[in-house]
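Below, each value reflects all heavy atoms present in this structure, side chains not excepted, and no hydrogens, waters or symmetry copies. Everything numeric here is computed off the predicted structure, so don't read it as measured data.
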Amino acid sequence: MERKRFSLVLIYREFKPHLLMIFAQVAYTLVYFITEASFNHGMSPHVYVTYRHVVAGVVMFPFAYFLERNVRPKLTFALFMEIFVLSLLGISLTLNMYFASLKCTSPTFVASIINTIASLTFIIAVALRFEVLDLRNPRGIAKVLGTLISLAGVMTMTLYKGPIMRNLGRPLIHIQGKSASINESWLKGSLLTVSSCVTWSMWYIMQAATLKRYPAQLSLTTWMCFIGAAQSAVFTVIAEHNNPSAWTIGLNVDLWSTLYGGVVIAGLLIYIQLWCTEKKGPVFVTMFNPLCTILVAILAYFVLGEKLYLGSIIGAFIVIIGLYLVLWGKEGDQEVYVKTKDKPQCSGEDPECRI
């Protein structure tokens with residue numbers, strides 16, 4: 001019995017990052033629908049991003065202050081500016097574009113496009129020389145092919161909607177105003193989604209580097225929430241200058257979506273992603289995105305009765321194929337990292353020293 005318990009503990013420790021990322025994708029699935037309901041109710045996406053990160057910062061602050069007071073590095077001006085840029089990429093700029101695109105498209109479309117983050121991360125990492133590309137190796141070729149296939153899937157979803165798939169029955173849940181949210185601004189929403197994926201990919205790369213200089217995930221999460229909220233507030237003042245009532249929310253779906261987004265998504269899940277990024281790397285974190293796509297599609301189609309277009313199905317399938325080609329290529333990098341990690345000396349010029 002004791003041996004079995006010990007075995008389960010070892011399995012849990014081995015697969016803890018995997019379990020945490022599965023939980024994260026389930027939580028992300030729910031946020032698509034609760035925020036869409038809130039936007040259809042009239043809440044501004046920019047106000048939502050601002051409020052939810054204020055909530056997240058307030059919730060995370062006591063944990064960060066007390067649990068990491070002995071391990072938190074000194075915050076220099078240079079490090080603060082790095083966190084400022086990190087907050088811009090990961091919160092204010094990215095999420096304002098991301099949630100604005102949700103008003104123009106659909107949860108299924110947005111969740112599918114998010115799968116390109118792994119391919120975009122790879123492209124940006126190669127451009128910045130954080131990633132070594134060896135076209136003589138099958139895994140290197142797989143990275144390039146996977147990236148091109150993913151981008152082809154995005155183009156398919158953006159430019160080709162196709163016929164509407166027939167619903168099999170009446171939806172179990174009806175979100176008021178849902179049909180109006182998928183409007184003629186589809187191309188605008190598509191461009192916003194793709195742009196947010198680009199900045200999100202830059203955030204994944206930058207946070208991996210920042211964690212080496214500031215290895216306190218709770219504190220970094222808290223700083224990003226407060227700084228990102230302040231940045232988003234400035235943007236909201238500009239975007240909603242003719243609508244001061246946009247800042248007012250009541251005891252309705254707007255409040256619940258803000259609390260859920262702040263406590264669970266912006267607080268808990270950012271911390272989980274930072275922890276998993278430190279343990280497994282940024283590409284490992286992005287490999288679980290297709291799970292969210294599948295869950296969103298199932299809920300949207302069968303439960304909410306969302307209109308599902310043939311182009312979205314084909315494009316999502318192409319994107320996921322490309323994603324896993326990239327991830328198969330990345331497995332070789334992990335093997336190289338394990339082999340070189342124990343070397344007593346490793347020159348920064350040696351390609352095998354990089355991931």
**Student:** Please identify each residue that fulfils salt bridge (Lys or Arg N to Asp or Glu O under 4.0 Å) with Arg136, with sequence neighbours left out.
**Tutor:** Asp134

**Student:** Considering non-hydrogen atoms only, spot the tightest contact between Ile205 and Thr121 and give its length.
**Tutor:** CD1-O, 3.4 Å

**Student:** Is there a path of hydrophobic side-chain contacts, each under 4.5 Å between heavy atoms of I/L/V/M/F/W/Y residues, joining Met97 to Val47?
**Tutor:** no

**Student:** Could you tell me whether the side chain of Ser101 reaches within less than 4.5 Å of the side chain of Val110, counting heavy atoms only?
**Tutor:** yes

**Student:** So, the side chain of Thr35 versus the backbone of Val31: is there a donor-acceptor pair under 3.5 Å, distance only?
**Tutor:** yes

**Student:** Got a sec: does the CG of Leu19 have more than 12 other heavy atoms crowding it under 6.0 Å?
**Tutor:** yes

**Student:** Whether the side chain of Arg139 engages the backbone of Trp328 through a donor-acceptor N/O pair (distance < 3.5 Å, no angle test) should be reported.
**Tutor:** yes

**Student:** In chain order, what residues pass the side chain to side chain contact (heavy atoms under 4.5 Å, CB included) check against Thr221, with sequence neighbours excluded?
**Tutor:** Met60, Cys225, Ile270, Tyr271, Leu274

**Student:** Treating His53 as the side-chain partner and Val49 as the backbone partner, does any N or O pair qualify as donor plus acceptor under 3.5 Å?
**Tutor:** yes

**Student:** Mind jotting down which residue pairs meet the salt bridge (charged side-chain N to carboxylate O under 4.0 Å, His left out) criterion with at least one end in residues 247-257? Sequence neighbours excluded, please.
**Tutor:** none

**Student:** Do Phe235 and Leu192 sit in one hydrophobic cluster, given that two such residues count as connected whenever their side-chain heavy atoms are within less than 4.5 Å of each other, even indirectly?
**Tutor:** no

**Student:** Does Trp203 have more than 12 heavy atoms from other residues, nucleotides or ligands lying within 6.0 Å of its CH2?
**Tutor:** yes

**Student:** Quick one: list whatever passes salt bridge (Lys or Arg N to Asp or Glu O under 4.0 Å) with Arg213, sequence neighbours left out.
**Tutor:** Glu82

**Student:** Going by heavy atoms in the side chains, are Leu88 and Ile227 under 4.5 Å from each other?
**Tutor:** no

**Student:** Ile272 versus Leu269: any side-chain heavy-atom pair under 4.5 Å?
**Tutor:** yes

**Student:** Got a second to check how far Thr258's OG1 is from Ile265's CD1, nearest 0.5 Å?
**Tutor:** 12.5 Å

**Student:** Is there side-chain contact between Phe39 and Pro45, with heavy atoms separated by less than 4.5 Å?
**Tutor:** yes

**Student:** Find the distance between OH (Tyr51) and CG (Leu255) and round it off to the nearest 0.5 Å.
**Tutor:** 11.0 Å

**Student:** Has Gln231 got a side-chain atom pairing as donor or acceptor with Ser92's backbone, closer than 3.5 angstrom?
**Tutor:** no

**Student:** Is there a donor-acceptor pair closer than 3.5 Å between any side-chain N or O of Ser38 and the backbone N or O of Ile34?
**Tutor:** no

**Student:** With a 3.5 Å distance limit and no angle check, can you tell me whether Thr236 reaches the backbone of His46 through a side-chain donor-acceptor pair?
**Tutor:** yes

**Student:** Go through the structure and list residues passing side-chain hydrogen bond (donor to acceptor under 3.5 Å, both in side chains) with Tyr32, not counting sequence neighbours.
**Tutor:** Tyr98

**Student:** Kindly indicate whether the side chain of Trp247, heavy atoms from C-beta on, has any atom under 4.5 Å from the side chain of Thr50.
**Tutor:** yes

**Student:** With distance as the sole test, does Ser201 use its side chain to make a donor-acceptor pair with the main-chain N or O of Ile117 at under 3.5 Å?
**Tutor:** yes

**Student:** Do Leu268 and Val263 have side chains that approach each other closer than 4.5 Å (heavy atoms only, starting at C-beta)?
**Tutor:** no

**Student:** When rounded to the nearest 0.5 angstrom, what is the spacing between OH in Tyr65 and CZ in Arg72?
**Tutor:** 7.5 Å

**Student:** Do the side chains of Tyr48 and Ile249 get nearer than 4.5 Å, heavy atoms only?
**Tutor:** no

**Student:** Is the closest side-chain heavy-atom distance between Leu75 and Tyr214 below 4.5 Å?
**Tutor:** yes

**Student:** Scan Ile238, Val237, Asn243 and name whichever one has a side-chain contact (heavy atoms from CB on, under 4.5 Å) with Glu240.
**Tutor:** Asn243

**Student:** How close do Thr222 and Ala64 get, heavy atom to heavy atom, and via which atoms?
**Tutor:** OG1-CB, 3.5 Å

**Student:** Hydrophobic clusters here meaning ILVMFWY residues chained together by side-chain heavy-atom distances under 4.5 Å, can you tell me if Val55 and Met43 are in one?
**Tutor:** yes

**Student:** Would you name the heavy atoms of Ala27 and Val264 that are closest together and state the gap between them?
**Tutor:** CB-CG1, 4.0 Å

**Student:** Are Leu86 and Phe77 linked, directly or through intermediate hydrophobic residues, by side-chain heavy-atom contacts shorter than 4.5 Å (ILVMFWY only)?
**Tutor:** yes

**Student:** Suppose we screen for side chain to side chain contact (heavy atoms under 4.5 Å, CB included). Which residues come up paired with Pro17, at least two apart in sequence or across chains?
**Tutor:** Trp275, Cys276, Lys280, Phe284

**Student:** Going only through I, L, V, M, F, W and Y residues with side-chain contacts under 4.5 Å, is there a path from Met224 to Phe226?
**Tutor:** no

